[in-house]
Structures are given as C-alpha cells and as structure tokens.
Amino acid sequence: MKVTLVTYLVRYPSASLLLIQLLGIVLYPFMENMPGGRAVFGAFGVIVLVAALRMVRRSPMLHSIAFILAALILCLAIVSEIWPNQAVTVASALLEGAFYFYAAASLIAYMMEDQRASTDELFAVGATFTLLAWAFAYAFTVCQLLLPGSFTAMQNPEAPRTWMELLFLSFTTLSGVGLGDVLPISPLARGLVMLEEFAGVMYITLVVARLISLTVIKR
C-alpha cells in the first residue's frame with residue numbers, strides 16, 4: 001500500500017503538492033507554539049518550495065525565475081536565523097509571496113495549455129488554489145510588517161496577527177465564504193483583500209469552469 005501511494009504521488013506531482021499544502025494547514029498551528037517551531041516551519045517551507053519547483057518545471061512558462069526566487073528565499077532564511085531583523089523578514093516574505101504567485105501562474109498555464117483535462121490537471125486545480133492562498137497570506141504578512149495594525153480580530157485586536165490567522169483570512173477570502181473574525185482595517189490591507197476576492201472569482205470562472213467543461217466533454 002505504501003509503494004502504491006508513493007508511486008501515485010510520483011505519477012501525479014500536483015497531488016503531492018496539494019497533499020503537502022493541506023498537511024501544512026494541519027501542522028502550522030502546532031508549529032507556532034512548539035519549541036523550535038520557527039526551525040520546523042522553515043524546514044517545512046523548503047519541502048513546499050521543492051514540490052512547487054517540481055510543478056513549475058512541468059509548465060510552459062520559464063522556470064528559471066522560480067529557481068532564482070527559491071534560491072534567494074533559502075539564502076534569506078539562513079540570514080534570518082543568523083541575523084534576524086525586520087528588513088530581512090520583509091524581504092523574505094515579499095520573495096515568498098512572489099514565488100507562490102509565480103508558481104500559481106505556472107500551474108494555471110500548465111492547466112490551460114491543452115484541450116483535455118488529465119488527472120494531474122484536476123489535482124492541479126486544488127494545488128493552484130492553495131498556492132494562491134499562500135501567496136496572498138505572504139502579501140498580508142508584508143502589509144502587516146510595513147503597516148502595523150493593518151489587521152484586527154476579535155481576540156487581542158491590537159496584537160499582530162499570526163501566520164495562521166493571515167492564512168485563514170486568505171483562504172476565506174479566496175474561496176468567497178467571508179472574512180471570518182480577521183478583518184483588514186488599513187487601506188492597503190483592504191486593497192489586498194479586494195484583489196484576492198477578484199482573483200478567487202476569476203480563478204473559479206475561467207480556470208475551474210474550463211476544466212470542468214473539458215472533463216464533461218471527455219466523458
């Protein structure tokens with residue numbers, strides 16, 4: 001059974017990327033509070049980067065940009081451990097957001113390049129959604145670092161929002177189910193949320209609807 005699962009994930013890399021991203025959602029709350037959680041969080045981020053790079057290479061887009069961004073992210077992660085400061089944190093979050101946006105765009109190009117919906121492309125629908133959610137969560141992180149107090153919540157409204165809270169805001173915004181208890185209050189934060197709402201609607205309308213129609217035609 002184990003060999004079968006590994007073989008399946010190797011055959012469908014979009015499924016492995018989606019599985020890793022969903023696993024992160026489950027593990028992140030424990031990483032935030034555990035001793036050495038920052039190091040574990042960084043190690044898990046490297047795994048996500050490797051899985052995303054594997055998918056970028058399958059797309060028709062130039063993947064050299066993604067490799068450069070990934071290399072810079074890893075370098076900044078090392079620098080932040082040796083010499084932590086806000087400038088490095090902002091630059092790291094900015095580059096990670098850019099990488100995930102680029103990876104999401106690469107997956108969209110991969111799904112749109114032909115006139116058939118393969119099994120891997122169907123998994124890519126979910127993987128792209130998670131990549132977009134991660135990308136906007138990093139954009140929210142940069143916004144909060146540059147403009148403290150950009151986001152508020154029912155619990156500790158004056159405190160900076162945690163990574164899990166910003167990721168939760170990103171998922172609820174992108175899926176169109178509402179903002180939950182985390183709210184943008186600065187103009188820049190609200191602008192980013194509106195952009196994510198627009199991206200979520202366009203993704204479902206243009207990409208998901210197209211793959212569903214191709215699946216129906218194939219059947």
Point to revise | Enclosure of Met154 CE (heavy-atom neighbours >12, cutoff 6.0 Å) | key: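 It does not: Met154 CE has 12 such atoms or fewer within range.
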Ignoring hydrogens, what is the shortest heavy-atom contact between [X] and [Y]? Give both atom names and the distance.
X: Ala124; Y: Tyr203; answer: O-OH, 4.1 Å
X: Ala137; Y: Ser170; answer: N-OG, 3.7 Å
X: Leu107; Y: Ala127; answer: CD1-CB, 4.0 Å
X: Gln21; Y: Thr130; answer: CG-OG1, 3.5 Å
X: Phe171; Y: Ala133; answer: CE1-CB, 3.6 Å
X: Pro184; Y: Val193; answer: CG-CG2, 3.7 Å

Exercise for review: Determine yes or no for a side-chain-to-main-chain donor-acceptor pair under 3.5 angstrom, with Thr152 supplying the side chain and Pro157 the backbone.
Suggested key: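 Yes; at least one donor-acceptor contact below 3.5 Å.
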Review point. Just by modelled atom types, is the Leu169 backbone N or O under 3.5 Å from a matching donor or acceptor in the Thr172 side chain?
Key: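 Yes, Thr172 side chain to Leu169 backbone: donor-acceptor pair under 3.5 Å.
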**Study point:** Side chain to side chain, Phe168 and Asp181, heavy atoms closer than 4.5 Å
**Key:**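 Yes, close enough: below the 4.5 Å cut-off.
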Exercise for review: Evaluate the side-chain proximity of Leu131 to Leu17: yes if any heavy-atom separation is below 4.5 Å, no if none is.
Suggested key: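 Counting from C-beta outward, Leu17 and Leu131 do come under 4.5 Å.
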How long is the gap from [atom1] on [X] to [atom2] on [Y], to the nearest 0.5 Å?
X: Ile185; Y: Leu147; atom1: CD1; atom2: CG; value: 10.5 Å
X: Leu95; Y: Phe99; atom1: CG; atom2: CZ; value: 11.0 Å
X: Gln155; Y: Glu165; atom1: CD; atom2: CD; value: 7.5 Å
X: Phe101; Y: Leu132; atom1: CZ; atom2: CG; value: 7.0 Å
X: Arg161; Y: Leu166; atom1: CZ; atom2: CG; value: 8.0 Å
X: Ser92; Y: Leu74; atom1: OG; atom2: CG; value: 9.5 Å

Tell me whether [X] shares a hydrophobic cluster with [Y], the cluster being built from Ile, Leu, Val, Met, Phe, Trp, Tyr side chains joined at under 4.5 Å.
X: Leu18; Y: Ile204; result: no
X: Met194; Y: Leu174; result: no
X: Phe198; Y: Val201; result: yes

Review point. Should the pair Trp134 and Tyr100 be assigned to parallel (<30°), tilted (30 to 60°) or perpendicular (>60°) ring geometry?
Key: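 Correct class here is tilted.
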Practice item. Using the ring-ring contact (aromatic ring centres under 6.0 Å, His included) rule, take Trp163 and Phe140 through it: C-alpha gap first, then chi angles, then the decisive distance, then the call. Key: CA-CA 9 Å; Trp163 163 253; Phe140 297 157; 9.7 Å; no
Practice item. List the steps and the verdict of side chain to side chain contact (heavy atoms under 4.5 Å, CB included) for Ile25 and Met164. Key: CA-CA 8 Å; Ile25 296 174; Met164 197 61 193; 4.1 Å; yes
